[in-house]
Amino acid sequence: MEHCFSLHKAPSLSSFLPSLVKIYQGPRVFTPSNSPSDFALSRRRSLRTGFTSTPFNGRKAPSVKASAGASHCDFSSLNAPLEPRSAPGKFLSGVLQNQRQFFHFAAADELKRLSDDRDAAVSRMFVSLDSDEACLHRRIAQLKEQECQAAVEEVMYMLIFYKFSDLRVPLVPKLSRCMYNCRLEIWPSKDWELESIHSIEVLEVVRDHISAVIGLRADSSVTDNWATTEIQQLHLGRLYAASILYGYFLKSASSRHQLERCLTLVHQKRLNHRNSLQFLDLLPCGIKSLVLGRFSDVQSVPLGQGPGRQEKDLEELRCYVMGFDPETLQRCAKPRSKEAAHLIERHSCALFGDEQTGIPETDEVIRTSFSSLKRLVLEAVAFGSFLWDIEEYVDTVYKLKDN
């Protein structure tokens, strides 16, 4: 069974995405506890002297790189469309490959060093404001800012990559390496692993998104999943980027929803408790103990565990998102930092085309299965969800630029 999913016949993204989504920029020594001495020695080499490969345990830190032939979609152990160019990015790819247990220590160390380097350059600029070297230090601070921004984006990328590797889900490599004779197939699909990161109510909304963008229902048969369709590569790239933003939006909205619901429950519990105490004060002492025992039994039942709670949660989340005013929608859907927005652009361009120019290699119509399209959309939504978490963490160590 074949279907046609060309750019002209495909539904517009504006029909299912939030309005903002539619519109879619001296060396420190790292010594983790119980680590071998050569790990610390390997970090004594300066990272300030250009972005060259950083030696790691006597070896060159390997790049994150797709190495497959044109007819083979390679899912190697360390494979991603975006190849790190900065020293921190290359170093963390080496740590992830060789000493995975130290990855989070190394990432935190790199973020702290980048923050210190940037702050030091800015401090020198302010100190020299009244001197003859003011212009020079201002230019140095600008270059350091650009250098640190590029580096912190790649640290964020490696942290996202680590989350995917924890799921045992490799990122899809450069798409041209997964195509043969204009046919795209991505295998294994890893649908279950990519869906497992979402709560039940969020997963149902994600499935609605998949149904809207590729026309594949959640209850589709195996035959429907492997039916072939056609889509323009440019349109597929836009769909992928929009799905990253949709995943980011859902993570932001669901986190906000959970927080507001918890605050409401706490408020209700306090009111109920206060009213109960006022009522108990009016009772005789003999009856009060009996009522207190009964009251504690009622309170021991967990809130929100009644029958049909999951269905209610799903409807609550849908209604909550639909009730956003334009300002709230913008806050949830738009990446908070310039680094996150630029990383989405870089990753999408590296996957579908030329990272330097941002132009797809071709805009030819490709043939693929609905299963492969679903794999790409699920990966994009997961990428956006992970990005929201990573952005929040990184901002506590390295202050990101407001978008």
Side-chain angles (χ1 to χ4, degrees), residues 25-30 32 43 45-54 56 61 63-64 78 80-97 102-125 139-165 171 244-245 248 251-252 334-351 355-356 358 383-403:
Q25 262 161 108
R28 300 176 69 248
V29 178
F30 171 60
R43 296 296 291 135
R45 197 176 296 264
S46 175
L47 294 178
R48 296 173 186 263
T49 56
F51 285 165
T52 56
S53 296
T54 306
F56 181 74
S63 299
V64 181
L78 196 60
L82 184 59
E83 182 179 351
R85 296 193 297 264
S86 68
K90 292 178 180 179
F91 170 67
L92 289 178
S93 71
V95 176
L96 187 56
Q97 208 170 34
F102 298 133
F103 177 79
H104 282 298
F105 294 103
D109 185 74
E110 290 300 322
L111 288 172
K112 183 65 167 60
R113 185 187 63 81
L114 288 169
S115 179
D116 291 345
D117 285 354
R118 182 182 64 175
D119 291 346
V122 172
S123 297
R124 286 193 296 269
M125 179 186 70
R139 181 56 179 159
I140 290 173
Q142 290 172 350
L143 292 174
K144 179 58 68 175
E145 175 72 30
Q146 294 171 7
E147 179 184 292
C148 289
Q149 179 176 338
V152 80
E153 286 173 12
E154 295 189 351
V155 173
M156 292 170 68
Y157 192 71
M158 293 309 303
L159 286 165
I160 292 172
F161 187 92
Y162 181 91
K163 280 182 167 285
F164 275 101
S165 67
L171 285 170
I244 291 179
L245 289 172
Y248 185 98
K251 181 68 175 183
S252 178
K334 183 179 180 181
R336 290 167 293 175
S337 67
K338 289 186 177 180
E339 289 85 352
H342 193 220
L343 184 57
I344 293 173
E345 182 182 348
R346 286 183 61 191
H347 173 68
S348 301
C349 290
L351 178 60
E355 184 193 345
Q356 302 296 327
F383 191 100
S385 180
F386 290 153
L387 179 61
W388 191 92
D389 289 329
I390 297 303
E391 183 185 42
E392 192 169 65
Y393 160 68
V394 169
D395 196 48
T396 63
V397 183
Y398 177 100
K399 185 61 180 175
L400 300 173
K401 298 167 75 173
D402 291 336
N403 187 24

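- Screening P84, P88, S93 for a side-chain contact (heavy atoms from CB on, under 4.5 Å) involving E154 leaves a single residue, P84.
- Between M125 and Q142, every side-chain heavy-atom pair lies at or beyond the 4.5 Å cut-off.
- Checked by atom type, the side-chain pair Y248/R336 shows a donor-acceptor distance below 3.5 Å.
- Side-chain contact check for L343 versus I160: some heavy-atom pair is nearer than 4.5 Å.
- Exactly one of F161, F91, Y162 qualifies for a ring-ring contact (aromatic ring centres under 6.0 Å, His included) with F103. That residue is Y162.
- No donor-acceptor contact under 3.5 angstrom links the side chains of R346 and Y157, judged on distance only.
- Between R113 and D117 there is a salt bridge, since at least one side-chain N of the basic residue sits less than 4.0 Å from a carboxylate O of the acidic one.
- One finds no salt bridge joining E391 and K251 here, because no Lys/Arg side-chain nitrogen approaches an Asp/Glu carboxylate oxygen to under 4.0 Å.
- The pair K338-D402 does not meet the salt-bridge criterion, since no charged nitrogen lies less than 4.0 angstrom from a carboxylate oxygen.
- W388 is not listed as a side-chain neighbour of P335, based on a closest heavy-atom distance of 4.5 Å or more.
- Rounding to the nearest 0.5 Å gives a distance of 9.0 Å between CG of D395 and CE of M156.
- Side-chain contact between E110 and V152 is absent, with no heavy-atom pair separated by less than 4.5 Å.
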